[in-house]
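FYI, the numbering just counts along the sequence from 1.
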Amino acid sequence: MKRNIPDGLSIYLDLVRLAAAFIVLFTHAWPFLFPQHPLPWPGHSAVVIFFVLSGFVISHAARPDLGLHGYALHRIARIYPVVLAAALLSIGIAGAGIPNIIHYGSPRGSDWQDIGINLAFLGQSWTDVAMPYVGTLWSLDYEIWYYILFGLWCYYRSFPLLACAALVAGPKILLLMPVWLLGVVLHRKMVPLKPRYALSLFVVSLAAGLAFFWFDAGIQIREAMRVLSPWLIQVTQGSNQFVGDFILGLIVALNFLAAGSLGMKLALKFKTVIRYLSSFTFSLYVFHLPLAVILWNGLHVRSAPVFFGLLMAGVWILGTLTERRTAWYRSKLSKIWPNKKTAAVHDPLPIEAAGADEHRPAGHATGVDVAKQPRERLAS
């Protein structure tokens, strides 16, 4: 029996990733926009949500018929237009001599070495080098290596090559890969729940996630581990909340599992709006920091409504030129880099069918009969 991602779950995931991107934005912008009203925005928790979402979406996009070439082409066409635009912004801001606004990202401004390292997604491999003015790219350095390792496992299962890729990625990145894999397992093993159980799980997981953040459970776990092994916490700097991150990732995965059986009819009423706004999520996540630098320290915009309005306009323009033109970039890249052979396929986890296209999910075991659910797009 062919199965499909439920329409309501697809919309819910879009809504969650949009909310997570705004949480990261406010984590960075709130302190200088509203210093008199500090709020503890859960930026780190939002990144954990992104990791689980990413694993789910990439598992969905990695169709067996796609092959390693198609898989790589899809990922490159989606990621590099945004990252290259961010690099150009970094160079432009540095050239104008505009100072940074946050404590991470290169304090000396943009230089070719830092930008080059991040364009190769090596900024977090055995080191900690942020792209100047675009500090949020650290998490993408993690995800890219998850894409590479997962792609090799699916399409070209060479254990020496996997070992080499893991070695280049480094222990810090590998330490959080189980969080990302929670999304993969959720996608491949999702089962339907009875409505009353799904609703209970949804409410409990939501409450657990909020409590986890509010009581700084991840930090509390890390500090308890520091007492037992200070060396371990020091050498895993950047990923040293890995135990708490996995627990939070598990809570997030359970929430998604419950949402898949609830229908999410309220979210479906705003389907068109959510779909459109969420199509700028990647752009919002990557571009908000360099745009904030330009507005705050370059143009000296101090009115919060004007600042926010101009920042959203900048994200819309840049997102329209990059993220929302993924299909166009993919078509151009496929002409430059045509597929000359079909790669062997090794599916890492059993699924019942392959599906047709990453933007038209079909055939994945998510617990809902395709005959009862319309096909729905899930951005990847």
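The closest donor-acceptor contact from the side chain of S10 to the backbone of D7 lies at 3.5 Å or more, if one exists at all. S200 places a side-chain N or O within donor-acceptor distance of the main-chain N or O of R196, the cut-off being under 3.5 Å. At distances below 3.5 Å, at least one donor-acceptor pair connects side-chain atoms of H288 with backbone N or O atoms of Y285. In this structure, the side chain of K172 engages the main chain of T127 through a donor-acceptor pair within 3.5 Å. Here the side chain of W126 pairs a donor or acceptor atom with the backbone of L167 at under 3.5 angstrom. Between the side chain of S239 and the backbone N or O of T236 there is no donor-acceptor pair closer than 3.5 Å. In this structure, N297 contributes its side chain and V293 its backbone to no donor-acceptor pair below 3.5 Å. Not one N or O on the side chain of S90 forms a donor-acceptor pair closer than 3.5 Å with the backbone of A86. Side chain of T322 to main chain of V82: no donor-acceptor pair is present (N/O by atom type, distance under 3.5 Å, no hydrogens or angles). Without hydrogens or angle criteria, Y133 side chain to P290 main chain gives no donor-acceptor distance under 3.5 Å.
For the atom pair OG (S205) and CG (L250), the distance works out to 10.0 Å, reported to the nearest 0.5 Å. Considering OH of Y146 and OG of S54, their distance stands at 9.5 Å, rounded to 0.5 Å. Interatomic distance, CG of L73 versus CG of L68, reported as 11.0 Å (0.5 Å rounding). Rounding to the nearest 0.5 Å gives a distance of 11.0 Å between CD1 of I173 and CD of E143. A distance of 12.0 Å separates CG of L181 from CG of L186, quoted to the nearest 0.5 Å. To the nearest 0.5 Å, atom CZ of residue R17 and atom OH of residue Y12 are 14.0 Å apart.
Aromatic ring pairs are classed by plane angle as parallel below 30°, tilted from 30° to 60° and perpendicular above 60°; the pair F32 and W296 is tilted.
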| Intermediate values then yes/no, side chain to side chain contact (heavy atoms under 4.5 Å, CB included), Y142 and Q124 | CA-CA 7 Å; Y142 279 64; Q124 298 298 314; 3.7 Å; yes
| Can you list the steps and then say if F56 with M190 is a side chain to side chain contact (heavy atoms under 4.5 Å, CB included)? | CA-CA 11 Å; F56 187 96; M190 205 167 191; 4.3 Å; yes
| said: The test is side chain to side chain contact (heavy atoms under 4.5 Å, CB included); show your working for N118 and L140 and say whether it passes. | reply: CA-CA 9 Å; N118 279 275; L140 192 60; over 6 Å; no
| field | Stepwise side chain to side chain contact (heavy atoms under 4.5 Å, CB included) test for I93 and I294 | value | CA-CA 7 Å; I93 295 169; I294 293 171; 3.8 Å; yes
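In this structure, M264 and A259 approach most closely via the heavy-atom pair CG-O, 3.7 Å. Taking all atoms of both residues into account, the shortest heavy-atom contact from Y276 to F280 is O-CD1, 3.5 Å. What you find for L152 and A165 is that their closest heavy atoms are CD1-CB, 4.1 Å. Summarising the geometry of I115 relative to A87, their closest heavy-atom pair is CG2-CB, 3.9 Å, with the distance given to 0.1 Å. Closest non-hydrogen pair, P6 versus G260, comes out as CG-O, 3.6 Å. In terms of heavy-atom proximity, A62 sits nearest to R188 at O-NH2, 4.1 Å.
Under the 6.0 Å cut-off for aromatic ring centres, F121 and Y80 qualify, their centroids lying closer than that. In this structure, the ring of Y155 has its center less than 6.0 angstrom from the ring center of Y71.
For the side chain to side chain contact (heavy atoms under 4.5 Å, CB included) test with I221, the passing option among D216, N240, V243 is V243; the others fail. No option in L176, V52, L175 other than L176 meets the side chain to side chain contact (heavy atoms under 4.5 Å, CB included) test with D245. Of the residues listed (F150, F246, F51), the one engaging W180 in a ring pair (Phe, Tyr, Trp, His ring centres under 6.0 Å) is F150, and it is the only one.
In the hydrophobic cluster analysis, where Ile, Leu, Val, Met, Phe, Trp and Tyr join through side-chain heavy atoms closer than 4.5 angstrom, L262 is grouped apart from Y197. Hydrophobic clustering (ILVMFWY, side-chain heavy atoms < 4.5 Å, transitive): W231 and L174 are in one cluster. At a threshold of 4.5 Å between side-chain heavy atoms, the hydrophobic network of Ile, Leu, Val, Met, Phe, Trp and Tyr places F282 and I317 in one connected group.
Side-chain atoms of V227 and E223, non-hydrogen and from C-beta on, never get closer than 4.5 Å to each other.
For R325, there are no salt bridge (Lys or Arg N to Asp or Glu O under 4.0 Å) partners at least two apart in sequence or on another chain.
The environment of W316 atom CH2 is sparse: at most 12 non-hydrogen atoms of other residues, nucleotides or ligands sit within 6.0 angstrom.
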